[in-house]
Amino acid sequence: MVADPSGRETHRGKFPRASRLLRTAEFDATFAQRLSAGDGVLVIHAKPSGLEHPRLGLVVSRKVGNAVRRNRWKRLLRAAFRLNQHKLPAMDLVCVPRQRDEPTLLEVANSLTRLADKLRQKSERRAVPPASGSGEAVPPPQTGC
RNA sequence: GGAGAGGACCGGGCGACCGCUGGUUGGCGCUUCAUCGCGUCGACGGGAGGAAAGUCCGGGCGGCACAGGGCAGGGUGGUGGGUAACUCCCACCGGCCGCGAGGCCAGGGCAAGUGCAACAGAAAGCAAACCGCCGAUGGGAACGACGGUAGCGGCUCCGCCGCCAAGGCGUUCCACAGGUAAGGGUGAAACGGUGCGGUAAGAGCGCACCAGCGGGCGGGGCGACUCGCUCGGCUAGGUAAACCCCACCCGACGCAAGGCCAAACAGGGGGCAUGAGUCGGCCCGACUCGCUAUCGACCCCCGGGUAGGCUGCUCGAGGCGGCGGGCAACCGCCGCCCUAGAGGAAUGGUCGCCGCCACGCUGGCAACAGCGCGGCACAAAACCCGGCUUACAGGUCCUCUCCGGCU
RNA sequence: UGGGGAUUGGUGUAAUCGGUAGCACGACGGAUUCUGAUUCCGUUAGUCGGGGUUCAAGUCCCUGAUCCCCAG
């Protein structure tokens with residue numbers, strides 16, 4: 001099993017609607033500030049969610065396959081997110097499948113946790129060096145000219 | 001037993017743990033006078049298909065438009081039924097294919113008009129005539145008999161001899177006019193087929209039979225149509241899924257339709273004298289009435305309306321069973337049942353056992369048995385129905401046809 | 001959800017009213033050249049699939065496939 005069988009200390013794998021990206025505005029905000037990471041299975045675009053927990057967004061285009069295949073991908077992504085959400089950083093994660101073939105749950109879960117970990121490191125590197133602390137898209141106040 | 005035709009149906013099963021979602025229901029929190037509502041944690045029992053698909057037709061439903069009718073545009077096309085409706089379904093008619101069970105196709109009109117037919121061919125649509133056949137009739141040429149006649153000339157002038165027509169007739173030749181469409185060849189297609197007569201040669205020119213067309217009469221059928229008899233003229237080609245004519249049907253748009261609530265920002269009107277009223281479609285303006293208070297902002301109210309939310313949203317031309325009518329499609333009556341309602345979009349994830357299929361290994365003469373490994377289709381509601389079309393691993397059942405074997 | 005368009009050799013594209021599917025580049029072979037390039041000659045290979053109408057279909061009709069675009 002991927003998730004530890006006794007992982008019911010905080011959340012035992014629930015997946016409420018609050019853990020999902022549902023609106024176009026939320027997707028647009030993520031893409032505007034995104035950090036990206038990808039491997040052979042997935043591409044993830046992410047930004048800090050500003051909440052206590054991560055949130056999942058799904059983008060599965062028609063190029064992946066027909067409706068049955070797209071639904072299969074989305075269900076696997078939700079399952080992988082649900083079973084591993086206690087290990088994920090508190091970010092909005094927009095997941096995009098990269099291949100047509102249907103993967104196994106293990107592949108998706110491994111890819112998701114590994115990429116989320118990389119995104120957490122990237123996010124921390126971006127937040128720390130300027131030390132301005134505002135964290136938004138404030139341009140650095142150095143005098144360029 | 002083999003080969004095939006038509007139709008109906010199923011399209012994995014059981015279980016464990018963890019999730020999602022609509023319903024009912026319980027606890028807690030927020031809110032409220034309260035209900036309601038929101039959040040959260042439980043319980044119970046629901047939760048994709050035969051095609052849910054493609055979106056090719058038809059309807060319901062919705063607001064909008066609309067007197068009637070016509071034009072334009074689009075669709076349909078054997079007949080009779082079914083249906084809310086259809087390009088669908090059923091039955092029958094006709095044509096083609098198949099030994100057969102059966103399958104496929106489609107209206108009428110190119111004997112209203114316009115158009116098209118490459119190449120080949122003499123000629124492609126109304127008749128003409130390339131090779132050919134004939135040349136009867138007309139024309140030309142040669143020969144023959146009439147006839148060595150008429151006529152002319154000579155002489156020995158009864159007469160005889162020499163030269164020698166015209167004309168029509170007959171035979172042969174020419175193929176000029178003309179006749180012909182049988183044969184040749186081209187083509188997808190060339191103005192019926194076979195035989196006999198007929199002719200100069202031929203031809204429906206005549207006749208017999210056959211094919212086809214039209215009319216009449218009679219039988220059958222609601223009808224498409226069909227059967228029989230008879231008469232006629234002997235034929236009037238193909239293509240309308242070419243333009244078109246004829247008959248019938250269609251208002252266009254679509255649940256992101258439509259309805260309700262409604263934040264923030266901006267803006268409109270008012271509270272507030274730059275007011276109210278009249279003229280006027282509106283602004284400006286004019287007139288009448290009212291009023292004499294510094295201006296502006298904050299603030300408050302009203303309506304439109306965006307984000308967003310709710311609704312439309314699932315009880316329906318509904319399903320199952322029985323009886324009755326009908327060849328059938330289908331219809332009527334009675335009884336029972338409620339069976340998905342999502343919205344960045346749920347209906348799932350993982351595992352175990354069973355089932356089916358293929359492969360490998362072992363045992364066995366074989367049927368088969370055991371083990372291992374892999375696979376189990378197509379395709380997912382998006383307002384709802386009726387059809388059509390297309391995709392589909394594997395499997396079940398029914399009816400029928402042909403061939404072979406045995407009894 | 002609704003609407004529109006496209007599909008022709010390996011690639012990009014023509015084909016009037018239905019009548020021999022052309023052109024360019026490419027590939028291959030040959031000639032010219034000492035060799036290569038250029039040039040010349042020749043070859044290769046095609047109407048998205050399946051049915052239908054027609055004597056004949058890239059074209060007309062039906063049905064499917066793939067791709068692109070537009071509106072809300």
Side-chain angles (χ1 to χ4, degrees), chain A residues 1-128 130 132-141 144:
Chain A
M1 291 296 287
V2 176
D4 45 346
S6 67
R8 58 171 64 95
E9 53 274 17
T10 52
H11 9 250
R12 348 171 300 203
K14 291 276 180 188
F15 186 51
R17 292 188 80 73
S19 296
R20 287 152 63 183
L21 295 181
L22 298 176
R23 297 182 195 297
T24 304
E26 293 166 347
F27 279 87
D28 289 345
T30 304
F31 285 120
Q33 309 174 30
R34 74 180 146 206
L35 298 160
S36 297
D39 58 12
V41 181
L42 286 177
V43 179
I44 301 183
H45 307 289
K47 77 168 180 56
S49 65
L51 302 170
E52 298 293 319
H53 53 84
R55 293 193 296 180
L56 178 68
L58 298 172
V59 174
V60 183
S61 83
R62 226 155 45 83
K63 290 180 183 169
V64 172
N66 60 22
V68 173
R69 189 180 292 268
R70 295 199 300 273
N71 278 338
R72 171 78 178 167
W73 257 102
K74 292 192 238 180
R75 285 162 178 162
L76 285 169
L77 282 165
R78 285 195 212 103
F81 180 88
R82 179 170 70 85
L83 296 170
N84 295 282
Q85 57 186 312
H86 60 283
K87 300 189 220 168
L88 299 174
M91 305 178 77
D92 290 339
L93 304 166
V94 175
C95 298
V96 183
R98 187 166 249 185
Q99 60 188 13
R100 268 184 75 92
D101 301 334
E102 290 180 6
T104 64
L105 179 67
L106 190 66
E107 290 170 354
V108 176
N110 287 340
S111 179
L112 179 65
T113 53
R114 193 167 57 245
L115 293 174
D117 208 51
K118 277 168 73 175
L119 288 166
R120 168 166 42 200
Q121 294 169 18
K122 274 192 175 181
S123 173
E124 287 165 355
R125 270 204 306 278
R126 180 196 266 189
V128 170
S132 58
S134 58
E136 300 292 32
V138 173

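Below, chain A is the first sequence line, B the second, and so on; all start at residue 1.
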### Assigned glycosidic conformation for B:rG204 [threshold 90° from 0]
syn

### Message
Can you tell me the base-pairing partner of B:rG404? Count Watson-Crick or G-U wobble geometry only, both distances below 3.5 Å, and say none if there is no partner.
### Response
none

### Task
Not counting sequence neighbours, which residues clear side chain to side chain contact (heavy atoms under 4.5 Å, CB included) with A:Pro103? List them please.
A:Trp73, A:Leu76, A:Gln99, A:Glu107, A:Val108

### Message
Quick test of the criterion, 5.5 Å between centres and less than 30° between planes. Is A:Phe27 stacked on B:rG344 or not?
### Response
yes

#### Entry: Under the 3.5 Å Watson-Crick or G-U criterion, the dot-bracket string of RNA chain C, with | for inter-strand pairs
(((((((..((((.....[..)))).(((((.......)))))....(((((..]....)))))))))))).

### Query
Given B:rG348, is OP1 or OP2 found less than 4.0 Å from the side-chain N or O atoms of A:Arg82?
no

### Task
Sequence neighbours left out, what passes side chain to side chain contact (heavy atoms under 4.5 Å, CB included) with A:Ala116? Give chain and number order.
A:Leu88, A:Pro89

### Message
Does A:Leu21 reach a base, just sugar-phosphate, or nothing at all? Heavy atoms under 4.0 Å.
### Response
sugar-phosphate

### Query
Pick one for B:rG50: is it syn, with its angle within 90° of 0, or anti?
syn

### Query
Would you say the side chain of A:Asn71 and the base of B:rA380 hold a donor-acceptor pair, judged only by whether the two atoms sit under 3.5 Å apart?
yes

### Query
For A:Arg114, which residues count as a side chain to side chain donor-acceptor pair (under 3.5 Å) partner, sequence neighbours excluded?
A:Asp39

### Task
Give the rounded distance in Å between these two atoms: CZ of A:Arg70 and P of B:rA53.
13 Å

### Task
Report the base-pairing partner of B:rA391 (Watson-Crick or G-U wobble, both distances below 3.5 angstrom), or none.
none

### Message
At less than 4.0 Å, is any side-chain N or O atom of A:Arg69 found next to OP1 or OP2 of B:rA379? Yes or no.
### Response
no

### Task
Just grab all the ring pair (Phe, Tyr, Trp, His ring centres under 6.0 Å) pairs involving residues 21-43 of chain A, residues at least two apart or on different chains.
A:Phe31-A:His45

### Task
Could you tell me the separation between the CG atom of A:Leu77 and the P atom of B:rA345, rounded to a whole number of Å?
11 Å

#### Entry: Qualifying residues under side chain to side chain donor-acceptor pair (under 3.5 Å), relative to A:Arg120, sequence neighbours excluded
A:Asp117

